[in-house]
Amino acid sequence: MMTKVEKAGDAVLDEAAELLKQGGIAAVPTETVYGLAANAYDVEAVRSVFRAKGRPQDNPLILHICGMTMLEDIAAEVPELARTLAENFWPGPLTMIFARKAHVPAETCGGLDTAAVRMPNNRFTLKLIERCGFPLAAPSANTSGKPSPTTAAHVLADMDGKIPLVIDGGECRFGVESTVISFDDEDTVRILRPGAVTPEMLREYCHVTIDGGVLAKLAPDAVVHSPGMKYKHYSPEAEVYILKGGDVSVENFMRRHADAGFLGNGKEDMPESVRRFPYGGTSAQQAENLFASLRKADEAGCREVYVRMPDTDGIGLAVYNRLLRSAGFRIISAEDDDAVR
Ligand code: TXA
Ligand code: MG
């Protein structure tokens, strides 16, 4: 299959909408990461998305909507709190989980009786959903297990020859996927996946519980509130490690691992041989750069990549959550390593 890349804009709206109406799939930009979109109500189209990604059948997709009437069409019941959060955070990087209506295909929702819904904050993609008249089921547009794509080039690296169309909307603003929440009771939400809508932001409106699966490896017998928590994620070919410690210890450590890749705050003094990739000193920069830099480290042929321990405030919690999975929960202390020597 030939994969066409088109710039996001009115010129390609009709073509993209037509493709999706006929059961085709297309990669589309959002403010978080690129999504691989299909008509959420078309079981065959949804199956093509699972196939193109190599995604496990029981990992449900997010339904992307352009207005509240679409939500009413999906959700069996919309809690008052969800309406408040929608008013304040939609369109934006917040996904909410609802009991679903019977006509929403089980395949779209990984066989669950709930559906995850979000209104993305991207002009083109909102228009496209409106033009289609149905919600777009869209997981991140990467091969299952790989880092999520934040540019059209990343999408192409994984999907070339597998999908007919990639809409290029430039670099994604946030760089990490949306915050996923469910409702524990009328005034408590549970964060299943942290994102740019932070616990601090949600606490303005309700109590917030952070699910145990966000920062810890799930025990084999644990209750899984979101199937995505079970799977290997965001993993480049390189072995990723989280590196704890102050600047000096980290510099010493990298001198001892001088042909590895490194993601740091940009201020560390490193030998030339260390291959540095953009990361940054703020959580927002780290969110923006993380996935792109893990992909770059692979392109550079790094076998090991060390990433400095992020701050976990704000969007930093999302950075840490993704990084823990990329690294298979491996955290190394540069200080301990110094002490051993
Ligand atoms: O920012 C985003 O959310 C991006 C863009 C494209 O919108 N999409 C995205 O989709 O990250 P995906 O499929 O890569 O991740 C969806 C996550 C998975 O962890 C999945 O398990 C969880 O949401 N999820 C979806 N439906 C769910 C449900 N009904 N109950 C619990 N978790 C659900
Ligand atoms: Mg994903």
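Numbering of ligands and ligand atoms starts at 1, following listing order.
- Close approach of ligand 1 to A138 (heavy-atom distance below 4.0 Å) involves ligand atoms 6 (C), 8 (N), 10 (O).
- Taking a 4.0 Å cut-off on heavy atoms, H225 registers as neighbouring ligand 1.
- Annotation: F262 is not in aromatic contact with Y241 [ring centroid separation under 6.0 Å not met].
- At a threshold of 2.8 Å, the Mg ion (ligand 2) has no backbone or side-chain N, O or S atom of N142 nearer than that distance.
- Which parts of ligand 1 touch R118 is read off a 4.0 Å heavy-atom cut-off, strictly below it: atoms 1 (O), 2 (C), 3 (O), 5 (C), 7 (O).
- T143 and R55 form no side-chain donor-acceptor contact under 3.5 Å, judged by distance and modelled atom types alone.
- S226 OG, 2.8 Å is the protein heavy atom nearest to atom 32 (N) of ligand 1.
- Within ligand 1, the atoms closer than 4.0 Å to a non-hydrogen atom of T32 are 1 (O), 2 (C), 4 (C), 5 (C), numbered from 1 in the order shown.
- Atom 15 (O) of ligand 1 has its closest protein heavy atom at R193 NH1, 3.0 Å.
- Distance from atom 24 (N) of ligand 1 to its nearest protein heavy atom, with residue and atom name: P60 CG, 3.7 Å.
- Between R330 and E239, at least one side-chain nitrogen of the basic residue sits less than 4.0 Å from a carboxylate oxygen of the acidic one, meeting the salt-bridge criterion.
- Set against the non-hydrogen atoms of T114, the atoms of ligand 1 under 4.0 Å away are 28 (C), 29 (N), 30 (N).
- Looking at K101 and D113, no side-chain N of the basic residue comes within less than 4.0 Å of a carboxylate O on the acidic one, giving no salt bridge.
- Within ligand 1, the atoms closer than 4.0 Å to a non-hydrogen atom of P139 are 10 (O), 12 (P), 13 (O), numbered from 1 in the order shown.
- A donor atom on one side chain and an acceptor atom on the other are found under 3.5 Å apart for N88 and Y205.
- Protein heavy atom in closest approach to atom 30 (N) of ligand 1: I97 CD1, 3.3 Å.
- Centroid-to-centroid, the aromatic rings of H257 and Y306 come within less than 6.0 Å.
- Ligand-side atoms of ligand 1 in range of H64: 5 (C), 6 (C), 7 (O), range being under 4.0 angstrom from any heavy atom.
- Atom 3 (O) of ligand 1 has as its closest protein heavy atom S178 OG, 2.5 Å.
- For the pair N289 (side chain) and Q285 (backbone), a donor-acceptor distance under 3.5 Å is present.
- Ranking the protein heavy atoms by distance from atom 14 (O) of ligand 1 puts S140 OG, 3.0 Å first.
- With values rounded to the nearest 0.5 angstrom, L136 atom CG is found 5.5 Å from L20 atom CG.
- A salt bridge links K146 with E237; the closest basic N to acidic carboxylate O contact falls under 4.0 Å.
- If you look at M96 next to ligand 1, there are no close heavy atoms at all, none under 4.0 Å.
- Residue, atom and distance of the protein heavy atom nearest to atom 13 (O) of ligand 1 are R55 NH2, 2.8 Å.
- Of all atoms in ligand 1, numbered sequentially from 1 with element shown, those under 4.0 Å from a heavy atom of L112 are 28 (C), 29 (N), 30 (N).
- A salt bridge links E44 to R47: one of the charged nitrogens lies within less than 4.0 Å of a carboxylate oxygen.
- Heavy-atom minimum distance, R325 versus S235: O-OG, 4.1 Å.
- A side-chain N or O of T32 and one of R118 form a donor-acceptor pair less than 3.5 Å apart.
- The main-chain N or O of G9 is never found under 3.5 Å from a side-chain atom of R123 such that the two would form a donor-acceptor pair.
- For atom 6 (C) of ligand 1, the closest non-hydrogen atom on the protein side is G35 CA, 3.5 Å.
- By the 4.0 Å heavy-atom criterion, P93 is excluded from the residues contacting ligand 1.
- Near N59, meaning under 4.0 Å from one of its heavy atoms, ligand 1 places the atoms 18 (C), 20 (C), 21 (O).
- Taking any N or O of G228, backbone or side chain, at least one lies under 3.5 Å from an N or O belonging to ligand 1.
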